[in-house]
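Notes for the one structure printed next.
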Amino acid sequence: MKKILVTGSVGQIGSELTMLLRELYGNNNVVAGGNRTKPTGKLLDSGPFEFVDCTDSDRISEIVKKYKIDTIYHLAAILSAVAEAKPNLAWNVNINGLYNVLEVARENKCAVFTPSSIGAFGPTTPADNTPQDTIQRPNTMYGVTKVAGELLCDYYYKRFGVDTRGVRYPGIISNETLPGGGTTDYAVDIYYEAIKHKKYTCFLKEGTFLDMMYMPDALKAAVDIMEADPSKLIHRNAFNISTMSFDPEMIADSIRKHIPEFKIAYKIDPVRQEIADSWPNNMDDSAATAEWGWSYEYDLAKMTEDMLMVLTKKLK
Ligand code: AKB
């Protein structure tokens with residue numbers, strides 16, 4: 001049985017991935033690692049929790065040794081909008097943090113999953129059907145750290161044999177833990193506001209198409225790629241994965257099928273708009289399908305139905 005450490009376990013993806021990994025591999029085999037915030041509820045009660053700051057390599061090493069960890073899901077990261085506001089912090093967490101994790105993994109023979117992002121692409125990347133291998137010249141600090149992270153993970157695999165694997169996540173939509181500081185966060189907020197106030201003011205403009213994904217598919221990707229047969233992997237890190245692409249009008253329309261009076265208005269945030277404009281509209285994920293059988297379940301209509309059902313119960 002795997003022995004897993006999840007960094008960033010209190011975040012949007014980490015809080016749900018940790019629970020899924022505990023279901024699959026056993027509660028006591030999955031250590032939830034968090035930096036400052038101690039989790040509450042089932043995340044805390046269902047298995048071990050340890051404070052792990054990824055910028056502190058000694059601490060990562062201590063926890064890996066203490067629990068005999070063989071697999072690290074490294075999710076601790078600064079997202080795109082915060083990275084533009086605090087580039088220094090983004091570099092430290094996204095680059096130095098990843099470097100520390102890779103070094104500890106090398107010393108302790110751990111496999112590493114690290115997500116990259118659509119943010120690893122930039123304005124000169126083909127925006128439609130973005131190929132797996134293409135131009136990557138992002139113009140954001142987030143993008144710089146994501147491209148460097150992809151390369152660093154590939155390097156650790158080739159040079160030291162560390163079993164590094166990863167995917168390029170699109171915007172992730174979920175209903176457990178709110179995302180913090182991303183450009184795609186509007187696609188989460190819109191559901192909360194639709195239920196609470198039947199209206200939403202969007203910070204990206206109409207016609208801004210981005211790849212998005214519902215959390216269950218994002219979690220399945222993280223598990224499936226780490227379980228994939230390594231002999232079939234031509235790529236290792238940063239597989240494009242894609243399930244749906246929409247603009248704010250399309251998600252508003254899908255909400256109106258359930259809440260007909262729902263209204264969307266626009267107040268553009270120039271920083272996040274510029275970031276979104278530099279990202280692909282939709283990625284080609286055929287390499288992920290061919291090399292490790294990537295498949296998904298949720299399209300926009302199915303996700304909206306589920307989001308509204310879950311949040312209506314949660315918010316009442
Ligand atoms: C963000 O918006 O920063 C993230 C991402 C797409 O990587 N959700």
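Order of appearance sets the numbers: ligands from 1, and atoms from 1 within every ligand. None of these values were measured; they are calculated from a predicted model.
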Just jot down the ligand 1 atoms closer than 4.0 angstrom to any heavy atom of Ser117, in number order.
5 (C), 6 (C), 7 (O)
State plainly whether the residues Arg256 and Asp253 are in salt-bridge range, i.e. N to O under 4.0 Å.
yes
Give me the ring orientation class for Tyr142 and Trp279: parallel if the planes are under 30° apart, tilted from 30 to 60°, perpendicular past 60°.
tilted
Any idea which atoms of ligand 1 are less than 4.0 Å away from a heavy-atom of Ile118?
6 (C)
Just need the protein heavy atom nearest to atom 8 (N) of ligand 1, so name the residue and atom and give the distance.
Thr184 OG1, 2.9 Å
Going by heavy atoms in the side chains, are Leu178 and Tyr192 under 4.5 Å from each other?
yes
Keeping the roles fixed (side chain from Tyr169, backbone from Ala218), state whether a donor-acceptor pair exists under 3.5 Å.
yes
Closest approach of any protein heavy atom to atom 2 (O) of ligand 1, naming residue and atom
Thr183 N, 2.7 Å
When the ring planes of Tyr73 and Phe113 are compared, do they come out parallel, tilted or perpendicular, using 30° and 60° as the limits?
tilted
Ligand-side contact atoms (ligand 1) for residue partner Ser80, heavy atom cut-off under 4.0 Å
1 (C), 2 (O), 3 (O)
What atoms in ligand 1 come closer than 4.0 Å to a heavy atom of Gly182?
1 (C), 2 (O), 3 (O)
Please tell me whether Tyr156 and Val147 are part of a single hydrophobic cluster in this structure, the criterion being side-chain heavy atoms less than 4.5 Å apart.
no
Is any N or O atom of Tyr142, backbone or side chain, closer than 3.5 Å to an N or O atom of ligand 1?
yes
Would you check whether Trp279 has a nitrogen or oxygen atom less than 3.5 angstrom from a nitrogen or oxygen atom of ligand 1?
no
